Engineer: 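Quick one: the structure is below, and I'll ask about it shortly.
Residue numbers start from 1 in every chain, and the chains themselves are labelled A, B, ... in the order their sequence lines are given, proteins ahead of strands. Since this is a predicted model, take the numbers as computed values, not measurements. Hydrogens, waters and symmetry mates are skipped; everything else that's a heavy atom, side chains included, is used.
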There are 2 protein chains.
Amino acid sequence: MKNFNYQAGTKILFGKNKINELADEILPFGKRVLITYGKGSVVKSGLLDAVKSELKEKDIYIEELGGIQPNPRLASVREGIAICREKKIEFVLAIGGGSIIDGSKAIAAGVNYPGDVWDFYIRKAVPETALPLGTILTLAATGSEMNGSSVITNDETQEKLPTSSECLRPKISVLDPTLTFTVNKWQTASGVVDIMSHIFEQYFTPDLGTDLQDNMAEGILKTCLKYGPIAIKEPKNYEARANLMWASSIALNGLMVTGKMSGDWGTHMIEHEVSAIYDLTHGAGLSILFPNWMKFVLNERNAFKFARLGKNVFGIEESEAMLAATKTIEAIRAFFTSLDMPASLSDVDIPSEHFKVMGEKACQFGPIGYFKRLNGEDVTAILKMSK
Amino acid sequence: MKNFNYQAGTKILFGKNKINELADEILPFGKRVLITYGKGSVVKSGLLDAVKSELKEKDIYIEELGGIQPNPRLASVREGIAICREKKIEFVLAIGGGSIIDGSKAIAAGVNYPGDVWDFYIRKAVPETALPLGTILTLAATGSEMNGSSVITNDETQEKLPTSSECLRPKISVLDPTLTFTVNKWQTASGVVDIMSHIFEQYFTPDLGTDLQDNMAEGILKTCLKYGPIAIKEPKNYEARANLMWASSIALNGLMVTGKMSGDWGTHMIEHEVSAIYDLTHGAGLSILFPNWMKFVLNERNAFKFARLGKNVFGIEESEAMLAATKTIEAIRAFFTSLDMPASLSDVDIPSEHFKVMGEKACQFGPIGYFKRLNGEDVTAILKMSK
C-alpha cells in the first residue's frame, strides 16, 4: 500500500426530500447563488421551482444559467463565469448529472482566475481557489458530486479534457434517489456502466497490498450487478436507485484509489477522444471500449487480477488464470449487453476515419494509462478492436 | 435505505513517516498544542521526541499530558482540561490508541464547557464545540481516529459511557502502519476483534436495502480474516499492518452505517459494563461476548443475515438459513480462538457475581440494541452464556 492523503469532506444529504435541508447548508457560504442546470427536464419536473422556493424562503438571491449541455461546452462555462463576476455570486448550485456539475466546477474555478478557464484543462494552470459549490444530483453515474474532478469540452478545438483540484470538491451534495426515477433506460444503463468503469479504472493498477480497497471495490461492483437491471426494469424502485446513487459517489470520491499510485484512466482518456468529436453518451462509450481495453492489456503477469474480479464478483470458478481472465472479460461484456449497452462503435454509427487522430490526441501529453502504458498506436489499436 | 447525512472530513495522512507533514496541517488551527499520550512506550520509542521536534521547527508551543490509561479515567480528562484552560491551548494532539484519543476528545470538549465534562457522558449535555483535535494512531482498533465518538470511565461510579458529536471528529489523523510494528500479539488480536465487531454492530441491523454498505462491510471483514493472522505472525509485515489500520478507520467513520437507522451497539454496551469494573482489554471482551450475543439474538426471521455473512465472508455453502447462521457463528468463534482471543469470562478471571448489576446498568437509559432490543435480564443472560 502506497502512502496517501485522503479527505473527502463533501456533506452528503441523502434521501427523499433532502432538498428541504439545502438552504440552511448553503447559508454559511453566502447569500448569492447561481443555479446551473441543463435541459428543461429540471424545469418541467418542478424541481427547479422547488429548489428556488426553498432558497428564497431564506432570503437567498438567485441567478440562473440553464441549457448546459451533456459534455459541457466551454461557451456555457464562460457565460457562467461572467454572471458570477457581474452579480457577485458567492455559491454555485448545480442541478443535474455529471455534465452540469463538471461545467459548474469550471465556472466556480474560473471566477477568480484572471486568465482563460480553459488553461486549467490544458494543464497551463491548476485551480487553487474556487467558489464553493453544491449539487443536486439527478443521475447516478459520474461521481462528480463528491470529488474534485471536472471534464469539459472545447467545441472550437474538439478537445474534451479533465482537470482536478481539491477546491473543486462540492461542499454539499443532495442525493435524492427519487430524482432519478425518471431517468430513462439508456441513461440508467450508461450510468451503471460509468460507475463500474470508475471501479475498473481504480481496481486495475499495478499496486499490490491493497486488499481492503479491492474488496470494497468488488462490493460496489456486486451492487451494480444486482441493482442495475432492477433500476432499468423498475425505474421507480427506490432501493435500486438509492444503492446505485450512493455507489456512484463512493466509487469515485478518492476512497477506492487510496494506497495506489493512481487509477489507470486510459479507457476514460480514449472515450473522451471519441465523445469530443461525436457527442456520444459517456457510459455508452465506456461500454464499447472497456472490455476491449481489458483484452488489449491482459497478459500472463496481470491475469490474476482479472481472475480475482471474476471469482469475487461474477462467481467464475476457474483455476487457470488466463482462462479465468478471459471468462471475466466475457462476463463483463455480457452484463453490459444485458443492459442494452453497445458493444462496438459501429453500433452507435461512429466510423473509423478518425481513429489515428484520436490515438494521437489521447497521448498528446505523453503515454496514457498506469496498469499498462499506452501510446498513440495502442489507442488506435483498441479503437480498431472496438469498431 | 433510510435517509442520512454523511460527512467524514478528517484529513488522513497515511503511510510511513507521515508525521513529517503534521505540523503544517496543525498550523491553520493554532500554534499552542497539548500533546496527550499514555504509557511510556511513546517516549521510549522516540516517537514523542520526533513529533515535538517537528512541531518546534514550526514554532509551535507544546504542553504535554502523559499517563492517560487504557479505558481512560475522568481524572486524566479533568487534568487535561485544566492545562488547556491555563495555557490557552488551541489544538489537542493525541498520540496513541483509542483510549488516548477518546480521553483527548473529552478534554477537547470540556475546555469551553462551563459544567463538568462527565455531563456529556451521562447525557446531561451534548458537546457542541470542542478544541480542534489531531491524532497519531499507534494501534489499529477503535476507529476513534476518524469519528466523533468517545468512551471514558468514571472511576468513582465504575461507569464506562460513550458520547458522540460531530465536533469531536479529528481534523487530522496520521496513520503510519510502522508505528504498529511493536504492538504485541494480544493487542494486535484485540484490535482485529474490535474492527470486526464494529462491522458486526453496523451489519446486524433490521434495515433492508443496504446492499452497498453490507457488501463493503463484508470486504472489510475479509481483510481482517486475511491480515489479522499475518500481523500476529509477522508483526513487521507492512501490508498487513497497513490494511488493518485503514480498515479500522473506515469500519467506524460513519460510512458503514449510512442508510441504516443506527448500529446495534448492544454488545459494546455490555462489554463496557464488564470493562468498567474489571479493566478488561476491549477487544478481548468483545471476543468473549459477540458470538454469544449472536447466539442469543439469532432466530428464524434474522437468520438470513448471518447466513449471508457466512457465505460471503467465510465461504459457508449451506442452504438452510438457521444451519448456515449457526455455522457462521461457529466460524467467527473459531477465528477469534485462532487469534488466541478468549472465549469466556472465566478465561480472563472474571466471576459471575456482578452479572445482574451489569445487566441493570447496561440498560440504565432503557433497553439497548437495535437488531434486537435487550433488557437487563437479556444482558444478564448473555453474560451467563459467556461465563
Engineer: Are the side chain of B:Glu239 and the backbone N or O of B:Tyr227 linked by a donor-acceptor pair below 3.5 Å?
Structural biologist: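 No, B:Glu239 side chain to B:Tyr227 backbone: no donor-acceptor pair under 3.5 Å.
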Engineer: May I ask you to say whether A:Arg308 pairs ionically with A:Glu218, meaning some side-chain N is under 4.0 Å from a carboxylate O?
Structural biologist: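 Result for this pair is yes, salt bridge flagged.
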Engineer: May I ask you to decide whether A:Asp214 forms a salt bridge with A:Lys305, counting only side-chain N to carboxylate O separations under 4.0 Å?
Structural biologist: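 A salt bridge links A:Asp214 with A:Lys305.
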Engineer: If I measure from the heavy atoms of chain B, does A:Leu208 come under 4.5 Å with its side chain, its backbone, both, or neither?
Structural biologist: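 A:Leu208 touches chain B through backbone heavy atoms alone.
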Engineer: For the candidates B:Met1, B:Gln213, B:Met146, B:Lys226, which exhibits the highest count of non-hydrogen atom pairs separated by less than 4.5 Å from chain A?
Structural biologist: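 The candidate making the most pairs under 4.5 Å is B:Met1.
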Engineer: Determine whether more than 12 heavy atoms belonging to other residues, nucleotides or ligands lie under 6.0 Å from atom NZ of B:Lys2.
Structural biologist: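 Yes - once you tally the heavy atoms of other residues, nucleotides and ligands closer than 6.0 Å, there are more than 12.
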Engineer: Pick one of side chain, backbone, both or neither for A:Ala8, based on which atoms fall under 4.5 Å of a heavy atom in chain B.
Structural biologist: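 Contact with chain B is through the backbone of A:Ala8 alone.
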Engineer: Taking every heavy-atom pair that is under 4.5 Å apart, which of B:Leu175, B:Thr223, B:Thr10 has the most such pairs with chain A?
Structural biologist: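 If we count pairs closer than 4.5 Å to chain A, B:Thr223 comes out on top.
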Engineer: So which of B:Ala217, B:Gly259, B:Ala247, B:Gly219 has the largest heavy-atom pair count under 4.5 angstrom toward chain A?
Structural biologist: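 The candidate making the most pairs under 4.5 Å is B:Gly219.
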Engineer: Is A:Lys18 in contact with chain B via its backbone, its side chain, both, or neither, using a 4.5 Å heavy-atom distance?
Structural biologist: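 Side chain only.
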Engineer: Can you find a pair of side-chain heavy atoms, one from A:Cys224 and one from A:Val192, that are under 4.5 Å apart?
Structural biologist: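 Yes, close enough: below the 4.5 Å cut-off.
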Engineer: Return yes if some donor-acceptor pair links the side-chain N/O of A:Asn112 with the main-chain N/O of A:Leu131 below 3.5 Å, else return no.
Structural biologist: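 Absent.
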Engineer: Of the backbone (N, CA, C, O) and the side chain (C-beta and beyond), which part of A:Asn312 lies under 4.5 Å from a heavy atom of chain B, both, or neither?
Structural biologist: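 When you check distances to chain B, only side chain atoms of A:Asn312 fall under 4.5 Å.
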